[in-house]
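Here the structure comes first, spelled out in structure tokens, and everything after it is commentary.
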Amino acid sequence: QVQLVESGGGLVQPGGSLRLSCAASGSIFRVNDMGWYRQAPGKQRELVARTTSGGSTTYADSVKDRFTISRDNARNTVYLQMNSLKPDDSAVYHCNAQVGIGAKSHRDYWGQGTQVTVSS
């Protein structure tokens, strides 16, 4: 069993910052890709940022130059530093991890989600 535990969401004013954290625990052989997705009410889930085990990163155009994804492989943890937040960033943010549960077996896991609300 693998669990992803997220933290760091909350209410922030436009222009403010938040840092999300997501730690994977359980029966983990290795953690491969990790990423953050978000979904606002009535909208499709979208990729926010993703990072590989080697450290390469991918960002949605809407968050480039404002958000930074990073990871601590020793702690199986991924972070999302969010700066210059806008109301359009408001959503439930979900952590995703591709977790190796054996030498040649992996699957995707999702966190429970953390609410980010950007409002004046």
Side-chain angles (χ1 to χ4, degrees):
Q1 182 66 36
V2 175
Q3 299 85 36
L4 303 181
V5 179
E6 300 146 317
S7 63
L11 175 65
V12 65
Q13 294 186 358
S17 298
L18 289 171
R19 191 177 82 148
L20 307 183
S21 300
C22 172
S25 63
S27 301
I28 299 172
F29 184 74
R30 70 168 60 85
V31 179
N32 300 322
D33 291 4
M34 301 187 79
W36 292 94
Y37 295 74
R38 68 188 182 189
Q39 187 168 24
K43 297 184 179 180
Q44 189 174 0
R45 184 180 65 191
E46 65 173 345
L47 172 70
V48 178
R50 194 162 185 84
T51 180
T52 69
S53 61
S56 62
T57 58
T58 301
Y59 294 94
D61 288 342
S62 60
V63 308
K64 280 188 175 181
D65 302 319
R66 298 189 298 118
F67 292 10
T68 302
I69 189 169
S70 61
R71 65 191 293 164
D72 184 340
N73 289 331
R75 296 174 174 83
N76 293 326
T77 300
V78 65
Y79 307 93
L80 185 68
Q81 178 66 47
M82 305 185 293
N83 299 324
S84 301
L85 283 161
K86 305 174 181 179
D88 285 349
D89 295 319
S90 297
V92 176
Y93 284 69
H94 289 268
C95 176
N96 170 263
Q98 184 192 72
V99 178
I101 57 176
K104 296 183 178 181
S105 180
H106 61 83
R107 62 187 295 179
D108 282 290
Y109 290 88
W110 292 87
Q112 80 286 349
T114 184
Q115 177 71 50
V116 172
T117 302
V118 185
S119 179
S120 300

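Under the 4.5 Å side-chain heavy-atom criterion for grouping Ile, Leu, Val, Met, Phe, Trp and Tyr, Y79 is not connected to M82 through any hydrophobic cluster. F67 and V12 end up in the same hydrophobic cluster when Ile, Leu, Val, Met, Phe, Trp and Tyr side chains are linked at under 4.5 Å. Connection of I28 to V78 is established within a shared hydrophobic cluster, with ILVMFWY side chains joined at heavy-atom distances below 4.5 Å, either directly or through further cluster members. Follow the hydrophobic side-chain contacts under 4.5 Å out from W36 and you reach L85 in the same cluster.
Checking S17 against N83 by side-chain atom types alone, a donor-acceptor pair falls below 3.5 Å.
Taken from OH in Y59 to NZ in K64, the straight-line distance is 9.5 Å, to the nearest 0.5 Å. Once rounded to the nearest 0.5 Å, the distance linking CG of N96 with CZ of R45 reads 7.5 Å.
A 4.5 Å side-chain heavy-atom check between D89 and R66 finds at least one atom pair inside the cut-off.
Legend: residues meeting side-chain contact (heavy atoms from CB on, under 4.5 Å) with Q112, ordered by chain and number and at least two apart, are E6.
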Residue pair R71, I69: steps toward the side-chain contact (heavy atoms from CB on, under 4.5 Å) verdict: CA-CA 7 Å; R71 65 191 293 164; I69 189 169; over 6 Å; no
Residues N73, V31; criterion side-chain contact (heavy atoms from CB on, under 4.5 Å); working and verdict: CA-CA 8 Å; N73 289 331; V31 179; over 6 Å; no
side-chain contact (heavy atoms from CB on, under 4.5 Å) between F29 and V99, worked out: CA-CA 7 Å; F29 184 74; V99 178; over 6 Å; no
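The main-chain N or O of T117 is never found under 3.5 Å from a side-chain atom of S119 such that the two would form a donor-acceptor pair. In terms of modelled atom types and a separation under 3.5 Å, the side chain of T114 and the main chain of Y93 share no donor-acceptor contact. Looking only at distances, a side-chain donor or acceptor of T51 sits under 3.5 Å from a matching main-chain atom of S56.
Nearest approach of G9 to L20, heavy atoms of both residues: N-CD2, 3.6 Å. Across all non-hydrogen atoms, the minimal contact from A40 to A91 is N-CB, 3.9 Å. Taking all atoms of both residues into account, the shortest heavy-atom contact from N76 to M34 is O-CE, 4.0 Å. The minimum heavy-atom distance linking L4 with A24 is given by the pair CD2-CB, 3.3 Å. A pairwise comparison of heavy atoms in V48 and V63 identifies O-CG2, 3.5 Å as the closest pair. I101 and S27 get closest at one heavy-atom pair: CG2-O, 3.8 Å.
Below 30°, between 30° and 60°, or above 60°: for W110 and H94 the angle between ring planes is above 60°, a perpendicular geometry.
Considering T52, N32, D108, D33 as possible partners of Q98, the one that fulfils the side-chain hydrogen bond (donor to acceptor under 3.5 Å, both in side chains) test is N32.
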